[in-house]
Amino acid sequence: MSERRSGTLAEGLSRLSEWGDAHLSLLRGLSSAAAVAGVLVLARSVRLTTKFTSALDIPAEFVKKNVKLRGKFQRVTEQGLEVEHVPISVPFITSIQRKWQKKGLLLVRLAGVELAPSGRAWLQQELKPKQMIWFQLLGREDLALECLVLVNKGRFLSVCLNEEILRQGLGRTARIEGLHHDSRLYWKLHRRLLRAELKALKKNKGIWKEESYSETMRDRISNNQLVQTLKQFVSWLRRSVYR
């Protein structure tokens, strides 16, 4: 009896194996279809392949988790950087999405930085149209995104424009909008920005050079002998008038 059962089981497995060999291409096709379907579900759930054309289109979860996005720089404005979002490209899916994706640019601001006019001019020279940049979401205010902006400088090197602006003395540190003031991330980033600003301050670079020059001139004027004499005369005149 056991030998008969073993023979029946072996025969069944043999037939299943033969069927699998005969329909191998079908099985592969089903596997590929399942994989594509899985990618579609994943892409739809996290919107990795969606092109964002407005700050309001970006899911709140992306901002909360400080997701890093990439895009093509377009131009510098008084409000910030205009960037064309470039989503993750997935074969077949991306080509379909391009047919119905809207056009629009994202307004990206350098979080924690108050730009000086010289800083805006520096950005216009430093960034080239269509240049790829990365921007990490920290907050959203109306139609603007508060971000850390990163630019690749070689294969393994990237520069944070927020820090570089301060390091060159082309702006001042400011409150990082969008992050809770008492959060660990806020103070971690704020310290980084303050250290960058301190380097410019110590080297009298950019706006700090101008302020240092102004302070020096004020000191020289106040210490000038003629000025001191005039001050003494004005003081004597006031005392004489009010006697």
Side-chain angles (χ1 to χ4, degrees), residues 47 50-88 102-153 158-201 205-208:
R47 302 185 68 179
T50 301
K51 181 177 181 178
F52 302 122
T53 57
S54 169
L56 300 178
D57 295 338
I58 299 177
E61 194 69 13
F62 276 35
V63 180
K64 182 179 179 181
K65 292 185 176 181
N66 308 126
V67 171
K68 188 184 295 183
L69 302 175
R70 63 175 180 167
K72 292 180 181 178
F73 165 76
Q74 298 298 321
R75 64 185 66 86
V76 179
T77 69
E78 292 186 358
Q79 289 75 35
L81 309 179
E82 289 187 349
V83 179
E84 179 186 1
H85 174 225
V86 178
I88 292 177
K102 298 181 294 182
K103 293 183 179 180
L105 300 176
L106 299 176
L107 178 60
V108 175
R109 291 201 293 234
L110 300 179
V113 177
E114 180 186 341
L115 269 177
S118 54
R120 194 171 293 110
W122 182 84
L123 285 172
Q124 290 173 338
Q125 294 180 349
E126 184 72 13
L127 299 174
K128 308 302 179 185
K130 305 295 183 180
Q131 181 177 349
M132 193 69 73
I133 65 174
W134 291 86
F135 50 102
Q136 184 176 3
L137 304 172
L138 299 180
R140 174 171 51 194
E141 186 177 2
D142 297 329
L143 296 177
L145 299 169
E146 300 288 337
C147 305
L148 286 181
V149 180
L150 305 172
V151 177
N152 289 331
K153 293 288 185 179
S158 62
V159 174
C160 176
L161 292 184
N162 308 57
E163 293 180 83
E164 190 63 23
I165 284 287
L166 297 173
R167 197 177 293 116
Q168 297 294 332
L170 303 175
R172 292 181 172 84
T173 54
R175 177 184 173 86
I176 303 176
E177 301 295 340
L179 291 180
H180 292 295
H181 191 263
D182 57 349
S183 69
R184 181 178 299 179
L185 179 59
Y186 180 95
W187 288 107
K188 177 183 177 181
L189 296 178
H190 194 56
R191 282 195 296 269
R192 281 173 52 185
L193 298 178
L194 284 174
R195 283 196 294 266
E197 184 180 54
L198 185 59
K199 290 181 180 179
L201 183 59
K205 298 181 70 173
I207 59 175
W208 306 115

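For the single chain, residues carry numbers from 1 onward in sequence order.
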Beyond-backbone contact of [X] with [Y], side-chain heavy atoms, under 4.5 angstrom:
X	Y	value
Leu185	Ile176	no
Leu115	Leu170	no
Arg172	Ile207	yes

### Query
If you look only at pairs with a residue in residues 124-135, which of them pass as a side-chain hydrogen bond (donor to acceptor under 3.5 Å, both in side chains), with sequence neighbours excluded?
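side-chain hydrogen bond (donor to acceptor under 3.5 Å, both in side chains) check on residues 124-135 returns Glu126-Lys153.
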### Query
For Gly71 and Phe135, which heavy atoms make the closest approach, and how far apart are they?
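So the minimum-distance heavy-atom pair works out to N-CE2, 3.8 Å.
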### Message
Please give me the minimum heavy-atom distance between Trp208 and Gly169, naming the atom from each residue.
### Response
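Shortest heavy-atom contact: CD1-CA, 4.1 Å.
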### Message
Rounded to the nearest 0.5 Å, what separates atom CZ in Arg75 from atom CD in Glu82?
### Response
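Going from CZ on Arg75 over to CD on Glu82, the span is 4.5 Å.
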#### Entry: Separation between CG of Leu138 and SG of Cys147, rounded to the nearest 0.5 Å
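With rounding to 0.5 Å, CG (Leu138) is 6.5 Å from SG (Cys147).
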Please list every donor-acceptor pair under 3.5 Å in which a side-chain atom of residues 139-146 meets a protein atom from a residue at least two apart or in another chain.
unit_1	atom_1	unit_2	atom_2	d
Arg140	NH1	Ala55	O	2.7
Arg140	NH1	Ile58	O	2.6
Glu141	OE1	Arg109	NH2	3.1
Glu146	OE2	Arg109	NE	2.8
Glu146	OE2	Arg109	NH2	2.8

### Message
Whether the side chain of Arg70 engages the backbone of Pro87 through a donor-acceptor N/O pair (distance < 3.5 Å, no angle test) should be reported.
### Response
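Answer holds: yes.
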### Query
Is a salt bridge present between Glu61 and Lys64, judged by a nitrogen-to-oxygen distance below 4.0 Å?
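Not counted as a salt bridge, because no side-chain N and carboxylate O are separated by less than 4.0 Å.
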### Query
Would you call Lys51-Glu84 a salt bridge at under 4.0 Å N-O?
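Judged by the 4.0 Å cut-off on N to carboxylate O distance, Lys51 and Glu84 do form a salt bridge.
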Just list the side-chain donor-acceptor pairs under 3.5 Å for residues 187-196, sequence neighbours left out, or say none.
unit_1	atom_1	unit_2	atom_2	d
Trp187	NE1	His181	O	2.7
Arg192	NE	Glu163	OE2	3.4
Arg192	NH2	Glu163	OE2	2.5

### Leu161 and its side chain to side chain contact (heavy atoms under 4.5 Å, CB included) partner, picked from Leu127, Ile133, Val113
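Single side chain to side chain contact (heavy atoms under 4.5 Å, CB included) partner of Leu161 among Leu127, Ile133, Val113: Leu127.
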### Query
Quick one: which of Val108, Leu81, Leu105 gives a side chain to side chain contact (heavy atoms under 4.5 Å, CB included) with Phe73?
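The side chain to side chain contact (heavy atoms under 4.5 Å, CB included) with Phe73 is passed solely by Leu81 among Val108, Leu81, Leu105.
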